[in-house]
Protein chains: 2
Amino acid sequence: MVAMDGATAREQALDAAEMLFYGRGVQSVGMDEVRAASGVSLKRLYQLFPAKELLVDAYLERRDLRWRGRLAEFVARREEPRERILAVFDWLAQWFAEPDFRGCAWVNAYGELGATSERVAERVRAHKRAFREYLGALVADAGLPGALTGPLFLLAEGAMVTAGIDGAAAPAAEAREAARLLLG
Amino acid sequence: MVAMDGATAREQALDAAEMLFYGRGVQSVGMDEVRAASGVSLKRLYQLFPAKELLVDAYLERRDLRWRGRLAEFVARREEPRERILAVFDWLAQWFAEPDFRGCAWVNAYGELGATSERVAERVRAHKRAFREYLGALVADAGLPGALTGPLFLLAEGAMVTAGIDGAAAPAAEAREAARLLLG
DNA sequence: CAACGTAGAGAACGGGCGTTCTCCCCGTCA
DNA sequence: TGACGGGGAGAACGCCCGTTCTCTACGTTG
């Protein structure tokens, strides 16, 4: 294995961890498998992430930044404030249709580890809080009542969890249509 | 330990499994802990459920019957068809407020085992399918368009997952209000 | 009373996995 | 050139856990 600086090793470790953890669940993937998939030795892995829990935490954190970044980028392409809200559901539809879509990474992680890892539980809550706040900002920008944020958030959450379980993209369209009705 | 007939042992095993699996997650509870909490010996446990996966499956199946039974019983107390639909969200609010509420057992189980156990994944899908069909029947009885079923289902799912993660009952009220608006 | 079978308690087995340790290679610098 | 230090490969260590096995006690039946 060629030399690799710390930042590169960290990214490769997180790339492998994300693919494996998201695809098969955290508990069914061992650290040795992360090593094999990333090319980062166990020694280095443990220097970068002193325990598996911290690798999981870092995976969720990096994915959160990317997930919200992509969503915001997609939404920002629309001009009209109401269209922006609906664009959230268009983006979900696109995400659900990706071949390796397996539901919401944070909901899955919460189901697996929420009861045993306070660190992971808090990371999940922070992600959901940030997503809700983002929706709230879109609602405010459209001059709509703040009370709409909750329902829109619940529709999006329901769509994510349902799409994840059924492996279908249809819930995004259902949620979008319901959102359109709620926007009046 | 006094003698115990098969049916009783089965119920006690499932009682213990349900409390432990739902409260702490399936993977963090060992079979020996189920034995200790139920008073059913390991030998008997494995006669009744030849593998842990089958115990998990039976736990989800029994809980599904009870969960839907209680919901239907609560809803049936209302006369007016539209009120019945809203009663679903009242029932959720009540459920969320229970002290040991920890989110949707099926969503949690799917997050933990959906990727590794096809049996559990299918059990979860069956439960969600049954819940959606139940909502569909309520919508039909109210003479409302079937297209409302999806959004109502997504609101309920979103409320369950959000209440589970945040440990708050508020999502039920938000979902109820959104449902009221959708019913027109 | 004696032989038998069932069931419980808990040890044992096998495998997996998080984490650490050992050993060796190789690049660096005096 | 030779000592040194960081890093990789992978063995080793402990522990946990699903599953099976052994041993013992006791109730039943002839």
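In the text below, chain A, chain B and the rest are named by the order of the sequence lines, each starting its count at 1.
- Salt bridge annotation for B:K128-A:D166: absent, with no cationic side-chain nitrogen under 4.0 angstrom from a carboxylate oxygen.
- A salt bridge links B:E122 and B:R129; the closest N-O separation between the charged side-chain nitrogens and carboxylate oxygens is under 4.0 Å.
- If you run ring-ring contact (aromatic ring centres under 6.0 Å, His included) between A:W67 and each of A:Y134, A:W95, A:F74, only A:W95 comes through.
- One interatomic measurement links the two molecules: CG of A:L20 to P of C:dG18, which rounds to 12 Å at whole-angstrom precision.
- To the nearest angstrom, P of D:dG10 lies 7 Å from CZ of A:R35.
- The existence of a salt bridge linking A:R125 and A:E118 is confirmed by a sub-4.0 Å separation between a basic side-chain nitrogen and an acidic carboxylate oxygen.
- Nearer to the 5' terminus of DNA chain D, by closest-nucleotide assignment, is the contact made by A:Q47 (compared with the other of A:Q47 and B:Q27).
- Residues of residues 55-63 of chain B that place a heavy atom closer than 4.0 Å to DNA chain D do not occur.
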Enumerate all atom pairs, one protein N or O and one N or O from nucleotides 19-22 of chain D, separated by less than 3.5 Å.
| from | atom 1 | to | atom 2 | distance (Å) |
| --- | --- | --- | --- | --- |
| D:dT19 | OP2 | B:Y46 | OH | 2.9 |
| D:dT19 | OP2 | B:K52 | N | 2.9 |

- Item | Steps toward side-chain hydrogen bond (donor to acceptor under 3.5 Å, both in side chains) verdict (A:S117, A:E53) | CA-CA 8 Å; A:S117 165; A:E53 187 187 23; 2.5 Å; yes
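- Rounded to whole Å, atom P of D:dA9 lies 11 Å from atom CG of A:L45.
- Counting non-hydrogen atoms under 4.0 angstrom, A:V29 reaches the backbone sugars and phosphates but no base.
- Residues B:V124 and B:R119 are not in side-chain contact: their nearest non-hydrogen atoms beyond the backbone lie 4.5 Å or more apart.
- Under the ring-ring contact (aromatic ring centres under 6.0 Å, His included) rule, B:Y59 has a single partner from B:W106, B:F49, B:Y22, B:F21, which is B:F21.
- Ring-plane geometry between B:F153 and B:F131 is classed as tilted, the angle between the planes lying from 30 to 60 degrees on a 0 to 90 degree scale.
- The distance between atom CG of B:L54 and atom C1' of D:dG18, rounded to the nearest whole Å, is 13 Å.
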